[in-house]
There are 2 protein chains.
Amino acid sequence: MTSQDRNARFARALIELRSLILKGEFAAGDRLAETGLAERLGLSRTPLRQAMDRLVDEGLLERIETGGCRVASFGMDDILDAIELRGVMEGTAARLAAERGADPDLAARMEEVTDALEVAVDPDRFDFRAYVRLNAEFHDILAHLAGSPIVAREVERACRLPVASPTAFLQGQEVIPDFRDSLLRAQVQHRALTQAIAAREGARAEALAREHARLARENFQYVMMKKPDLAARVPGLSLVAP
Amino acid sequence: MTSQDRNARFARALIELRSLILKGEFAAGDRLAETGLAERLGLSRTPLRQAMDRLVDEGLLERIETGGCRVASFGMDDILDAIELRGVMEGTAARLAAERGADPDLAARMEEVTDALEVAVDPDRFDFRAYVRLNAEFHDILAHLAGSPIVAREVERACRLPVASPTAFLQGQEVIPDFRDSLLRAQVQHRALTQAIAAREGARAEALAREHARLARENFQYVMMKKPDLAARVPGLSLVAP
DNA sequence: CCTTCCTTCGCTGTATACAGTATCCCGCAG
DNA sequence: CTGCGGGATACTGTATACAGCGAAGGAAGG
């Protein structure tokens, strides 16, 4: 067996299948036949089934009562709810970090990241790739800031809900000038959130994190209503019905 | 193959294994060998592995880097965090139900259940079994009240975090007179929550649901500190290290 | 007596085999 | 032309086979 990692096959199945689904390779409601998929991905049904179970849990697939799985379909409401929940979870992480005191190392790194984000969104030195990377790190730190493994786990889980990730709408922003403004507003919130946590202002930190997630909501609605042609570029948006 | 249900083997494996773990059949940190367990449960490794994957996701098991699973161990902090998150999720369900308007049928049923709970905790007509059943239904309704499948899913998921379920501490209450008072306070909150949602008071509903979860926190701390001998009766508490 | 290395056993992850059932397609009747 | 069995097909859920790696235990040396 060619196993470099302990779970190499399963990990590959999960990543590749999730990628295929988000890429819109299948239509919403399509039934996924394990046999064909396994062959297509070049592995056996066992790790593939494992991956499908996981994707059912993430919400990208639905189990069929009669057997098998189909690709889930979402209404706009579902996506908005998922984003709302991500905001609630990040808000909780922020509040707990403020109330209990943040992990010092992480807090320091969070300040650095916030400063770096400031530079990245500066119109003179605008650096989109850096922004995407730093933004992802910011949200990752936030999840762990309260020092609670359980909270971190569940925040990260909320980010895996369909199209709810903090980075979900950063793929297409390069080409949407209107989103530049959204980045600036996001950065104001990053800064305020960092300060609120440092000042132990739990309620404010929670409210800021929730409001921060609303940006994703705005971006989502903007894409769906004004630029439906862009939906193909944002992973997963092809599964959203109007 | 004796398949009454489509997933009979897997479902049985999940229920029985979870029950064994919560019952304290294994010590925290024990490695679970699939071979032996499969034989013990009378099924093959395939559905058992599926169940173990699920329990890893629920947090009862931990994957070992080198392969296999072990029974997770929790600190008191972990349980408190899990309860906190359950409160946050139920609070969100309550807030959204208030803000968006609750499903009329469910709202009506919730009133009925609240009235019935009132009767069940009446000292003259105290009915513990009815309370347990109605309380479970109350929380189930709450999860679905906003009419959002995503929210309902995630609320229910938060209730599966270790010892975070609204019913987790209702097993032993029969024998702990001190908990009678806790039931009365819980019922005051049930009533207030129902009214807040009906009155579209989102912030109040959210705060009430969070505070309601704090009762579980109190019960947990009471059992751990004052009545450690009772820990054996509450499912899962044997895995909690002081 | 303790430590260290090697061997052996056992366990995991993956692939495959098997049995039962839903699904699909076709022919036929209305 | 449409709706409805009926059989073949294919797919799912479960069991088992297999290969490689880890863990434990014993032998040998310090």
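Values reported hereafter were calculated over all heavy atoms of this structure, with side chains retained and with hydrogens, waters and symmetry mates removed. Not measured: the values here are computed from a predicted model. A note on names: the letters A, B, ... follow the listed sequences, proteins ahead of strands, and every chain is numbered from 1.
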Inset, instruction - Figure out the CZ/P separation between A:Arg12 and C:dT14, and round it to whole Å. - result: 10 Å

Inset, instruction - Let me know the distance between CZ of B:Arg49 and P of D:dG13, rounded to the nearest Å. - result: 17 Å

Legend entry - Distance in angstrom units between A:Leu32 CG and D:dC11 C1', rounded: 13 Å

Legend entry - B:Glu34 CD to C:dG13 C1', straight-line distance once rounded to whole Å: 8 Å

Inset, instruction - Look at the side-chain N and O atoms of A:Thr46 and state whether any lies under 4.0 Å from the OP1 or OP2 oxygen of C:dT14. - result: no

Legend entry - d(CZ, A:Arg70; P, C:dA22) in whole Å: 15 Å

Inset, instruction - Would you indicate what B:Leu37 reaches in the nucleic acid, counting non-hydrogen atoms under 4.0 angstrom: base, sugar-phosphate, or nothing? - result: nothing

Sort me out a list of protein N/O and nucleotides 22-24 of chain D N/O pairs below 3.5 Å, or just none if empty.
| from | atom 1 | to | atom 2 | distance (Å) |
| --- | --- | --- | --- | --- |
| D:dG22 | O3' | B:Thr66 | OG1 | 3.2 |
| D:dA23 | OP1 | B:Thr66 | OG1 | 3.4 |

Inset, instruction - For D:dA15, take OP1 and OP2 only and decide whether either is under 4.0 Å from a side-chain N or O of B:Arg9. - result: yes

Legend entry - A:Leu55 and A:Met52, any side-chain heavy atoms less than 4.5 Å apart: no

Legend entry - Check: B:Gln221 and B:Leu80 side chains under 4.5 Å, non-hydrogen atoms: yes

Inset, instruction - Please assess B:Glu90 against B:Glu206 for the test side chain to side chain contact (heavy atoms under 4.5 Å, CB included), listing each intermediate value before the final yes or no. - result: CA-CA 8 Å; B:Glu90 289 190 329; B:Glu206 176 165 16; over 6 Å; no

Considering only distance and modelled atom types, tabulate donor-acceptor pairs under 3.5 Å from the side chains of residues 32-41 of chain B, sequence neighbours left out.
| from | atom 1 | to | atom 2 | distance (Å) |
| --- | --- | --- | --- | --- |
| B:Glu34 | OE1 | B:Arg45 | NE | 3.0 |
| B:Glu34 | OE1 | B:Arg45 | NH2 | 2.9 |
| B:Glu34 | OE1 | B:Arg49 | NH1 | 3.3 |
| B:Glu34 | OE2 | B:Arg49 | NH1 | 2.7 |
| B:Arg40 | NH2 | B:Glu25 | OE2 | 2.9 |

Inset, instruction - Rounded to the nearest angstrom, tell me the gap between atom CG in A:Asn7 and atom P in C:dA15. - result: 12 Å

Inset, instruction - Could you say whether A:Ser44 or B:Met52 is positioned toward the 5' end of DNA chain C, judged by the nucleotide with the nearest heavy atom to each? - result: B:Met52

Inset, instruction - Mind calculating the distance between CD (B:Glu65) and C1' (C:dT12) to the nearest angstrom? - result: 14 Å

Inset, instruction - Report the nucleotide, chosen from D:dC11, D:dT14, C:dT12, that has the shortest atom-to-atom distance to any side-chain atom of B:Ala33. - result: C:dT12

Legend entry - Side-chain N,O (B:Thr35) to OP1/OP2 (C:dT12) below 4.0 Å: yes

Legend entry - B:Glu84 bridged to B:Arg210 by N-O distance under 4.0 Å: no

Legend entry - Residues B:Arg100, A:Asp81: salt bridge by 4.0 Å N-O rule: yes

Inset, instruction - Remember a base hit wins even if backbone is also touched, and classify A:Leu48 as base, sugar-phosphate or nothing at under 4.0 Å, heavy atoms. - result: nothing

Legend entry - Presence of A:Arg45 side-chain N/O under 4.0 Å of C:dT14 phosphate oxygens OP1/OP2: no

Inset, instruction - Please state how far atom CD in B:Gln50 lies from atom C1' in C:dT14, giving the value in whole angstrom units. - result: 15 Å

What donor-acceptor contacts under 3.5 angstrom involve side-chain atoms of residues 58-68 of chain A, with partners at least two apart or in another chain?
| from | atom 1 | to | atom 2 | distance (Å) |
| --- | --- | --- | --- | --- |
| A:Glu58 | OE1 | A:Arg18 | NH1 | 2.9 |
| A:Glu58 | OE2 | A:Arg18 | NH1 | 2.5 |
| A:Arg63 | NH2 | A:Asp53 | OD1 | 2.7 |

